[in-house]
Student: 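This structure is in structure tokens; I'll ask about it shortly.
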Amino acid sequence: VDWHFKIKDLVVPAAVAVDNQQPQTSDLYGTTFRFPLDCRTKSLKAAYDEICSGLNVLSARAILFLQHIEEISIRIGNRHILLKRSLNGNLITLSREVEGDGTASLMRFLRFVKEVEINTDEDGSSIVKKLPIGLAYLLSLKEGGADDGDMSHYSIVPSYDKNVFIYFPAEKELSNLRFCIHGAFAPTVNRDSIRTDDRDNSTLMGKLVELQKDSFEFLKRNGFLTTDFLAILPNSGDNLAGGYKEFQKMAQKVFRDLVC
């Protein structure tokens, strides 16, 4: 069954008639999005240029924590941008290729994901939600090491670029962490940062701290718990805000217990 609808008032779906003059998707299970660019306060050219600008700089990091999308293909004129990811256990490889100028880049992460349950209130009733969370450490290939999934060939390095994700990177959320975290957080209206007044967000942050603690066993087993790794963890000089301080407290306790 085909369903055709538009979004009004930002989030409300409303049924629309089929426009037989428009090309339909050939994929039986595909979804076609059409953007009319009919904003009253912005010209068609300005809207088009703004969208092109954003798509042209889209990083492969955009698909790091997506659950089902493994490839994004973008065509703008003669320029073709292809974002892809491949998964080998906890090792995830992201690639970005641009046919128009022949550039290509690779990023590798050690990723940990899980689904967690949180108790929340909705319309006056207490319910249990199952929400995804994730954490990822940026990897560097050691000199002379083969990119073959052997953990001994990689080392964990700091990540400084947009490290908080709400599925996609939250562009204006500043964590000062040196690794990536993801949660189904309640975002601000612009979806570029996390709401600080939301109780469920605080609960999810706590679950992420637990996930990082759980990741230490994998890191220890695979030789990643080195002095270089300690530089990745938060410390008192990082000026962490709000719930991000809990990562520092947890790491200090875990490694203090290990030493003792």
Side-chain angles (χ1 to χ4, degrees), residues 7 10-11 13 29 31 33 58-72 83-95 107-123 125-139 156 159 161-175 177-219 232-234 240-247 250-251:
I7 301 296
L10 299 180
V11 295
Y29 301 103
T31 300
F33 294 88
L58 189 65
S59 167
R61 291 166 67 99
I63 55 177
L64 175 58
F65 288 110
L66 298 186
Q67 293 177 284
H68 304 293
I69 296 176
E70 297 182 349
E71 179 179 311
I72 297 178
L83 311 180
K84 296 179 68 174
R85 78 177 184 194
S86 60
L87 192 60
N88 180 7
N90 292 88
L91 176 64
I92 185 167
T93 302
L94 306 178
S95 65
M107 287 184 289
R108 304 164 191 85
F109 289 87
L110 202 56
R111 192 185 70 164
F112 302 86
V113 294
K114 68 183 296 187
E115 189 176 68
V116 297
E117 293 185 351
I118 66 169
N119 295 306
T120 185
D121 294 325
E122 194 168 286
D123 298 327
S125 301
S126 179
I127 63 171
V128 176
K129 281 185 178 180
K130 292 184 177 181
L131 299 173
I133 61 172
L135 179 143
Y137 302 103
L138 180 63
L139 295 177
I156 294 177
S159 171
D161 183 30
K162 301 180 182 67
N163 287 332
V164 180
F165 290 66
I166 312 173
Y167 294 99
F168 292 101
E171 296 289 332
K172 294 186 179 179
E173 182 70 19
L174 182 63
S175 69
L177 298 174
R178 288 179 288 275
F179 51 86
C180 302
I181 61 171
H182 157 64
F185 297 107
T188 56
V189 174
N190 292 331
R191 297 192 63 83
D192 55 10
S193 56
I194 295 172
R195 283 175 49 190
T196 57
D197 60 347
D198 187 271
R199 188 180 69 179
D200 292 348
N201 284 351
S202 298
T203 303
L204 279 178
M205 198 67 73
K207 298 289 187 182
L208 279 162
V209 172
E210 293 175 11
L211 179 61
Q212 182 174 44
K213 181 178 179 181
D214 293 342
S215 77
F216 290 162
E217 179 57 36
F218 179 95
L219 300 182
I232 306 296
L233 298 177
L240 302 178
Y244 300 118
K245 291 181 180 178
E246 297 304 314
F247 288 98
M250 178 275 297

Student: Are the side chains of F112 and D214 in contact, using a 4.5 Å heavy-atom criterion?
Tutor: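 A side-chain contact under 4.5 Å is absent here.
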Student: Under a plain distance cut-off of 3.5 Å, with no hydrogens placed, do T120 and D200 share a side-chain donor-acceptor pair?
Tutor: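 Looking only at side-chain atoms, T120 and D200 do form a donor-acceptor pair, the distance falling under 3.5 Å.
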Student: Taking the side chain as C-beta and beyond, is there a heavy-atom pair between I156 and L139 under 4.5 Å?
Tutor: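 They are in side-chain contact.
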Student: Compile the donor-acceptor pairs under 3.5 Å between side chains in residues 202-211 and protein atoms, sequence neighbours left out, one pair per line.
Tutor:
unit_1 : atom_1 : unit_2 : atom_2 : d
T203   : OG1    : R199   : O      : 3.3

Student: If you define the side chain from C-beta out and look only at heavy atoms, does anything of R85 sit under 4.5 Å from L64?
Tutor: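 Not touching, per the 4.5 Å side-chain cut-off.
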Student: Taking the side chain as everything from C-beta on, heavy atoms only, tell me whether F109 gets closer than 4.5 Å to C180.
Tutor: yes
Student: If a pair satisfies side-chain hydrogen bond (donor to acceptor under 3.5 Å, both in side chains) and one of its residues is in residues 183-192, list it, with sequence neighbours excluded.
Tutor: T188-D192, T188-S193
Student: Any side-chain heavy atom of N163 within less than 4.5 Å of one from R61?
Tutor: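 In short, these two side chains touch, coming nearer than 4.5 Å.
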Student: What is the distance from atom CG of L177 to atom CD1 of I232, rounded to the nearest 0.5 Å?
Tutor: 11.0 Å
Student: Between Q212 and Y137, is there a side-chain heavy-atom distance shorter than 4.5 Å?
Tutor: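 When only atoms from C-beta onward are counted, Q212 and Y137 do touch, with a gap below 4.5 Å.
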Student: Taking the side chain as every heavy atom from C-beta outward, state whether D198 and F185 have any pair of such atoms under 4.5 Å apart.
Tutor: no
Student: Between H182 and F65, what is the ring plane arrangement, given parallel below 30°, perpendicular above 60°, and tilted in between?
Tutor: parallel
Student: Return the CG to CD distance between L131 and E115, rounded to the nearest 0.5 Å.
Tutor: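 It comes to 7.5 Å.
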